[in-house]
A.B. asks: 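Attaching a single structure in structure tokens format; questions to follow.
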Amino acid sequence: MKTYLLSIYQPDGPAPEAAVLEPIMRGLATLTKDLQDAGAFVFSAGLCPPDTATVVRSGATGALVTDGPFTEGKEHLGGFTVIQAPDLDAALKWGERMAAVTTLPIEVRPFQQ
Amino acid sequence: MTDPIGDVHRAEYGRAVAVLTRYLGDLDLAEEAVQDAFTVAAERWPREGLPPSPAGWIITTARNRAVDRLRREAVRGEKEAEAVRMRGDEPVGDHEDLLRLIFTCCHPALRQEAQVALTLRLLGGLSTPAIAAAFLVPEPTMAQRIVRAKAKIRDAGIPYRVPGDDELAQRVQPVLAVLYLIFNEGYAASSGPALTRDDLCTEAIRLTRMLAGLMPAEPEVQGLLALMLLIAARRPARTTVDGALIRLGDQDRSRWDRALVEEGQAIVRSCVQLSRPGPYQIQAAVNAVHSIAPTAPATDWAAILTLYDQLMAVTPTAVVTLNRAVALAEVHGPAPALEIVDRLPLDGYYVFHTVRAELLSALGRAKEATAEFERAAGATGNEAERAYLLRRSRLG
């Protein structure tokens with residue numbers, strides 16, 4: 001078994017309206033349940049918006065703290081799920097379902113063994 | 001000049017890597033083991049002569065080498081070595097292994113340039129310099145591309161298997177692209193003394209035939225097979241006895257392989273009936289038109305131009321534009337064709353310079369034609385091709 005990070009990339013800006021968000025959240029809950037039933041689920045989290053992020057760097061005179069995300073872009077990491085799968089094809093199948101539920105691109109990335 | 005080890009290497013390298021990958025579950029270990037086996041062969045064969053089955057000898061030696069290597073590595077140990085030894089005793093399904101390897105090399109999670117490089121390296125057994133030359137990229141770039149692709153297969157867990165029926169139609173597209181590139185590399189070798197590397201063409205046709213058997217309802221697989229057969233049919237007429245190149249228009253058509261021509265034409269006809277055209281089927285149809293003409297002047301260039309118009313609608317690339325220009329020159333003369341060719345960003349591609357030179361020559365611009373033929377000769381690594389172009393340049 002290999003471990004994969006499924007990252008959800010979402011566009012910057014305000015969150016979708018409840019009417020849009022509600023079926024997505026329901027779909028994600030079903031997907032999580034299916035992952036659990038299949039024994040593939042490890043961990044999952046949704047993140048607060050990028051403007052709540054803080055970057056800290058180690059400098060010569062101590063920590064340098066800056067407000068905001070590490071990279072400014074049109075998209076940001078909105079949440080992620082860690083899964084276990086026998087190979088990339090199996091992981092991509094879960095990723096494909098997540099992309100269909102969220103209507104967002106999903107990055108599938110292997111953990112170091 | 002005979003080079004028995006080189007011949008075995010070209011013909012059997014891919015099969016050996018495919019079989020060893022099944023034993024070992026790792027491409028790098030498999031390649032290492034096969035390379036080890038060829039190193040041993042290079043020591044022994046000149047002294048002891050070729051074994052009765054060189055391919056079997058390479059696979060057995062590679063397996064034994066891998067077992068020794070695994071035994072020496074404490075982390076893997078005796079158990080894994082024994083497992084590899086046992087798996088080595090299973091009946092060998094070469095075709096299945098080759099297909100598995102090709103679907104791994106052409107996995108959609110790899111970018112196409114990596115798929116092509118890996119397939120040529122692992123299935124074709126081509127050297128990194130040859131692959132780099134075929135794709136007009138610097139050698140270190142190609143080396144890095146191969147290393148990265150192998151690392152991704154290992155780290156991301158790209159599986160070593162043939163996709164299921166539900167994915168097969170989609171997964172076969174990159175495989176077709178890669179097989180056609182191998183065929184072309186075989187038909188017009190990027191470097192070396194011989195014009196063609198028939199073993200690569202044979203291997204490409206063999207793999208495509210296998211795919212065609214696996215996916216009889218996919219017209220593009222059939223189209224690619226027909227395309228390869230129709231081009232390969234001209235092989236006996238394409239070179240003189242001393243290996244010099246003869247262009248399509250000058251070939252003795254009675255020397256074409258009739259069996260291959262008829263098989264190719266039959267596939268094109270059945271594709272037309274399916275009415276689901278695609279780039280390979282259209283290119284096969286172009287070659288079917290050539291194959292029907294009893295003499296070069298009898299070629300139906302108008303039909304070929306129409307087919308290239310269709311091809312441009314699906315794949316409007318510079319190379320397709322270049323090929324279309326050749327047909328255009330036959331139908332409407334060299335001047336409008338040269339106008340199109342001059343706008344193409346294909347500087348350094350020998351076919352581009354050859355076409356340009358022929359058009360200049362047809363327009364009576366002999367001096368420019370000579371210079372352009374020389375440019376073409378300088379851009380090809382194939383010696384037979386270069387000799388032809390230099391001969392041609394003297395004619396202006």
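A, B, ... follow the sequence lines: proteins, then strands. Residue 1 opens every chain.
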A.B. asks: I'd like to check A:Gln113 versus B:Asp155 (side-chain heavy atoms, cut-off strictly below 4.5 Å). Are they in contact?
C.D. replies: no
A.B. asks: Checking B:Arg154 against chain A: side chain, backbone, both or neither under 4.5 Å from a heavy atom?
C.D. replies: backbone
A.B. asks: Can you name the closest pair of heavy atoms from A:Pro110 and B:Ala156 and give their distance?
C.D. replies: CG-CA, 3.5 Å
A.B. asks: Evaluate whether atom CZ of A:Phe70 has more than 12 neighbouring non-hydrogen atoms of other residues, nucleotides or ligands under 6.0 angstrom away.
C.D. replies: no
A.B. asks: State the CD-CG distance between B:Glu167 and A:Leu92, to the nearest 0.5 angstrom.
C.D. replies: 9.5 Å
A.B. asks: Got more than 12 heavy atoms from elsewhere within 6.0 Å of CG, B:Asp165?
C.D. replies: no
A.B. asks: With a cut-off of 6.0 Å (strictly less than), are more than 12 heavy atoms of other residues, nucleotides or ligands near CD of A:Gln36?
C.D. replies: yes
A.B. asks: Between atom CG of B:Leu110 and atom CG of A:Leu88, what is the distance when rounded to the nearest 0.5 Å?
C.D. replies: 9.0 Å
